[in-house]
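The sequence lines fix the lettering, A, B, ..., with proteins before strands; numbering per chain opens at 1.
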Number of protein chains: 2
Amino acid sequence: MNQTTQERIIAQAIACIAQNSGASMDEIAKAAGVGRATLFRHFKSRAELMLAIKLNAGLKLQAAVGPVFDTQLPAREKLLKVITQLIPLGASLNVSAYFDHPVRDQDPRVLAPYMDCMERTRQLCLDLKAEGDVHSDIPVSWLVASIDSLVFAAWEKVESGDIAPKQAPWLVLSTFLTGHGTGQTAAWFTQQKDVHQ
Amino acid sequence: MNQTTQERIIAQAIACIAQNSGASMDEIAKAAGVGRATLFRHFKSRAELMLAIKLNAGLKLQAAVGPVFDTQLPAREKLLKVITQLIPLGASLNVSAYFDHPVRDQDPRVLAPYMDCMERTRQLCLDLKAEGDVHSDIPVSWLVASIDSLVFAAWEKVESGDIAPKQAPWLVLSTFLTGHGTGQTAAWFTQQKDVHQ
DNA sequence: CTCAAATGATACTTTAAAGTCTCACTTGAG
DNA sequence: CTCAAGTGAGACTTTAAAGTATCATTTGAG
């Protein structure tokens, strides 16, 4: 492979931490097929390695979705493209879930890419509403949250082999836009909601 | 309050670990308003405390959803009730996310409640299909995954104060059954899907 | 009030993992 | 070939947190 040692270490560290958030430097070194000493030569402390992983994830995130957000496409098409870009990021992003949530991270260099992505997703949802693509009575924060969580779920299912990588974006989008219910259920649901609210 | 010391310790330990998965026994003791020694009197090791938290989460899960699964209601009504029960569990369940995923836990006593709940959710989704409530062409594993992830997202949003606790189940259910799209978008989506697949 | 049980404070030991250092070995550019 | 740069192995020190032990204090049932 043409990966540098540093890159290999980061990749394997991500894999280790995904399995066990408390993975030791020893385990990480072994996973990366590298001596302990070499690991410390590249990252002078555990904290520095963790930071590198987080920064790496932020860069991947921006590289994946930045260009899409920058286009002038209709919101719904942007949405499809964003989802499609996001899913294959998989573990490198989900690292977020294994550390403390990136949104709580102290370091602004770690925080920024996530905040940026979130804010732009929020804007995208506002556009979806404005362009008449989603119902206007759903809270924007729920729109953002449901996209996030569905993408996360899709990645997990792709990873576990339950759904095909190419199918994933369509499942997310269809869940988000049309849901899984039939006409029959939609009627029941509306009625229930009226009764209970 | 009428909570025993043990209960208070467990509750506060959950809160600590939700913020920082590597929280020390010292931090947990302080959070519980208890001396270090007392903490170790109740749980003779960190591992034992962690186990207690996990078992506790399993019990809560079963108490919340078991009775609903046991009823003979139509699948769609069961679904609404399960979601409604699940959301308020919040942090105690999400502990799952901060430890290693419960599905990967070694101890069968930790594993069992999750496996059971998952299997019954799966059965529920099959019933939803059988009763004509959801489209039959969606993979069951995706149905289960989308419920899971939407419930998780709803809990987070309730916790952060973005959506009202009573509104949460309806948001989850409406996302799952009808999605957020308008008629306009549904047409576009179907067309896109045909083009790309 | 009295005493047993539980607690808090704190000093102590142990342990696991982080981090350092040295040295012999590989490898690839010149 | 030669040498500099990077590496692996492993012994070593340091550190932070786990876990233990002791004792004085609190508390609540009788």
Side-chain angles (χ1 to χ4, degrees), chain A residues 1-57 95 97-102 104-107 109-110, chain B residues 1-57 95 97-102 104-107 109-110:
Chain A
M1 63 179 92
N2 237 351
Q3 238 179 351
T4 69
T5 301
Q6 285 222 5
E7 286 166 344
R8 197 171 64 250
I9 290 175
I10 289 186
Q12 290 306 307
I14 289 172
C16 279
I17 283 169
Q19 284 204 327
N20 165 15
S21 52
S24 71
M25 296 297 271
D26 224 336
E27 293 174 280
I28 293 170
K30 283 204 177 67
V34 119
R36 250 172 72 77
T38 300
L39 177 51
F40 278 100
R41 272 181 207 112
H42 285 280
F43 303 93
K44 77 168 188 293
S45 73
R46 181 188 179 80
E48 194 175 280
L49 172 59
M50 296 306 158
L51 179 61
I53 290 173
K54 293 176 190 177
L55 292 177
N56 182 270
V95 165
Y98 302 118
F99 293 112
D100 303 320
H101 205 287
R104 291 193 219 116
D105 203 283
Q106 305 301 329
D107 193 318
R109 289 168 300 171
V110 173
Chain B
M1 64 180 92
N2 240 350
Q3 236 178 353
T4 69
T5 301
Q6 285 221 6
E7 287 166 344
R8 198 172 62 250
I9 290 174
I10 290 185
Q12 291 305 308
I14 289 171
C16 279
I17 284 167
Q19 285 205 325
N20 165 16
S21 52
S24 72
M25 296 298 268
D26 224 334
E27 293 174 280
I28 292 170
K30 283 203 178 70
V34 119
R36 246 173 76 77
T38 300
L39 177 51
F40 277 101
R41 271 181 208 113
H42 285 281
F43 303 94
K44 76 168 191 289
S45 72
R46 180 188 179 81
E48 195 175 278
L49 172 59
M50 297 305 159
L51 179 61
I53 290 173
K54 292 175 191 177
L55 293 176
N56 182 270
V95 165
Y98 303 118
F99 293 112
D100 301 323
H101 206 288
R104 288 192 219 118
D105 203 286
Q106 305 300 329
D107 193 318
R109 289 169 300 169
V110 173

task: Please lay out, stage by stage, how N20(B) and E27(B) fare under the test side-chain contact (heavy atoms from CB on, under 4.5 Å).
output: CA-CA 10 Å; N20(B) 165 16; E27(B) 293 174 280; 4.1 Å; yes
Residues of residues 33-40 of chain B with a heavy atom under 4.0 Å from any atom of DNA chain C, listed by number, are G33(B), V34(B), G35(B), A37(B), T38(B)
**Prompt:** Between the side-chain atoms of R41(B) and the base atoms of dG19(D), is any donor-acceptor pair under 3.5 Å?
**Reply:** no
Quick one: side chains of residues 31-42 of chain A, donor-acceptor pairs under 3.5 Å with protein atoms, not counting sequence neighbours, listed by atom name and distance.
from, atom 1, to, atom 2, distance (Å)
T38(A), OG1, R41(A), NH1, 3.3
H42(A), ND1, Q6(A), NE2, 3.4

Counting C-beta onward and ignoring hydrogens, is there a side-chain heavy-atom pair between E48(A) and L51(A) closer than 4.5 Å?
no
To the nearest angstrom, the NZ-P distance between K30(B) and dA18(D) comes to 11 Å
D26(B) CG to dA9(C) P, in whole Å, measures 11 Å
Closest heavy-atom pair, A52(B) versus I10(B), reported as atoms and distance to 0.1 Å, is CB-CD1, 4.1 Å
Are any non-hydrogen side-chain atoms of L49(B) and I9(B) less than 4.5 angstrom apart? yes
CD1 (I28(B)) and CZ (R46(B)) are apart, to the nearest 0.5 Å, by 5.5 Å
To the nearest angstrom, the CE-C1' distance between M50(A) and dG19(C) comes to 14 Å
Picking from dT7(C), dG19(C), dC23(C), the nucleotide nearest the side-chain atoms of R46(A) would be dG19(C)
Can you find a side chain N or O atom of T5(B) that sits less than 4.0 Å from OP1 or OP2 on dA6(C)? no
M25(B) atom CE is separated from dT15(C) atom C1', nearest whole Å, by 15 Å
Output yes when at least one side-chain N/O atom of H42(A) is less than 4.0 Å from OP1 or OP2 of dG6(D), else no.
no
To the nearest 0.5 Å, atom CD of Q12(B) lies from atom NZ of K30(B) at 14.0 Å
F43(B) atom CZ is separated from dT7(C) atom P, nearest whole Å, by 11 Å
Rounded to 10°, the helix from dC1(C)-dG30(D) to dG30(C)-dC1(D) deviates from straight, judged by its five-pair end axes, by 30°
Taken to the nearest whole Å, CG/N20(B) to C1'/dA16(D) is 14 Å
Whole-Å distance, E48(A) CD to dT20(C) P, equals 11 Å
